[in-house]
J.: 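Once you've had a glance at the structure underneath, I'll fire off some questions.
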Amino acid sequence: MIEAALAEGILARAIQREVLSVHARDLREFTEDRHRSVDDVPYGGGPGMVLKPEPLFRAVDAIREDTGEPEAIVLLSPHGRRFSQAEAARLSGLSHVVILCGRYEGIDDRVRMNLATEELSMGDYVLSGGELPALVIVDAVARLIPGVVGDEDSVAGDSFARGLLDYPHYTRPAEFRDWKVPDVLVSGHHGEIRKWRKRQAIELTLMRRPDLLAGAELDVEEQEILRELIEAKKGVAHGSD
Ligand code: SAH
């Protein structure tokens, strides 16, 4: 699952160019019994199976032998801190990260207490395994590593990079089924285009995700635009014009 997803696109190219290296480990390789079992029934009873601690500890020991002590050992769990762009930025500054993926009912809790250095969650829903969250983390973190995405400006302008949602994008044709691209974008006025994009990003964030604005890093022009938009909103609320 991990290797298939990493065989395509931006991540595959980054791995090929050795900007990034991702190594998936199969827990079954770290078992010692004939059936190579990685799970067992839960103590105390109840449904499902639980991932045994030994294969996970052994897998991390093997990683330590190969590439040294990881800077973070992330356990994926719905109980973790919510993964975000800020978490991605933090992890992108580390050179060696291990991600532990659970399955079944979860993982023996001694792994959380004695092996993991932190716990991350994808959100308030339950997935059947940690592989998809791990891929999400690898993708989001990799985009922030210089040289992975071709154009650095593209990453800097992405949603959440500065606490703002991205502005809307358009491409050719200029008119599609009667729907036109906003005039300003085809005007060729770079100053106007820049301002329009800033306004759109701020307006979108104000309408959809006002919570982001508290932590946003806005330049003077953007602060001015935000003030105008808030004033305009107040005007509407008070019924004045
Ligand atoms: N019984 C557990 C869920 C187990 S799901 C509970 O209710 O909390 C099996 C595995 O999928 C978990 O061990 C975890 O590694 C992964 N997983 C499921 N949902 C996740 C989420 N929202 N974020 C991160 N990992 C998740």
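As the structure lists them, so they are numbered: ligands from 1, and atoms in each ligand from 1. Quick note: numbers below take in every heavy atom, side chains included, and nothing from hydrogens, waters or symmetry partners.
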J.: Give the residue, atom name and distance (to 0.1 Å) of the protein heavy atom nearest atom 19 (N) of ligand 1.
T.: Leu127 N, 3.0 Å
J.: Under 3.5 Å, side chain of Gln223 to main-chain N/O of Leu218, donor-acceptor pair present?
T.: yes
J.: Given Phe83, Tyr104, Tyr125, identify the one with the heavy atom nearest to atom 21 (C) of ligand 1.
T.: Tyr125
J.: Give me the nearest non-hydrogen protein atom to atom 23 (N) of ligand 1 as residue plus atom name, then the distance to 0.1 Å.
T.: Met122 N, 2.9 Å
J.: Tell me the protein heavy atom at minimum distance from atom 13 (O) of ligand 1, and give that distance in Å.
T.: Gly102 CA, 3.4 Å
J.: List the closest protein heavy-atom neighbour of atom 8 (O) of ligand 1: residue, atom name, distance to the nearest 0.1 Å.
T.: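 The answer is His79 NE2, 3.2 Å.
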J.: Considering only the protein, which heavy-atom contact is closest to atom 4 (C) of ligand 1, and what is its distance?
T.: Glu105 O, 3.4 Å
J.: For atom 6 (C) of ligand 1, state which one of Ala134, Pro78, Ser128 supplies the nearest heavy atom.
T.: Pro78
J.: Got Leu135 and Asp139 here, is their nearest side-chain heavy-atom distance under 4.5 Å?
T.: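 Sidechains of Asp139 and Leu135: no contact.
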J.: Hey, mind stepping through Glu29 and Arg58 against side chain to side chain contact (heavy atoms under 4.5 Å, CB included) and telling me if it holds?
T.: CA-CA 9 Å; Glu29 284 171 20; Arg58 279 204 208 103; over 6 Å; no
J.: Could you please spell out the steps behind the side chain to side chain contact (heavy atoms under 4.5 Å, CB included) verdict for Val74 and Thr117?
T.: CA-CA 6 Å; Val74 178; Thr117 59; 5.7 Å; no
J.: N/O of Val126 under 3.5 Å from N/O of ligand 1, yes or no?
T.: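 No, since none of the N or O atoms of Val126 sits under 3.5 Å from an N or O of ligand 1.
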J.: Mind checking whether Leu120 has an N or O less than 3.5 Å away from an N or O of ligand 1?
T.: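 No: no nitrogen or oxygen of Leu120 is under 3.5 Å from one in ligand 1.
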J.: Considering only non-hydrogen protein atoms, determine which one is nearest to atom 14 (C) of ligand 1 and report residue, atom name and distance to 0.1 Å.
T.: Leu76 O, 3.1 Å
J.: Considering Ser77, Cys101, Gly106, Gly123 one by one, which has a heavy atom nearer to atom 24 (C) of ligand 1 than any of the others?
T.: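 Nearest option to atom 24 (C) of ligand 1, by heavy atoms: Ser77.
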J.: Report yes or no: does Glu71 contribute a side-chain atom to a donor-acceptor pair with the main-chain N or O of Ser95 at less than 3.5 Å?
T.: yes
J.: Give a yes or no answer on whether the side chain of Arg103 reaches the backbone of Asp39 with a donor-acceptor pair at less than 3.5 Å.
T.: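 No.
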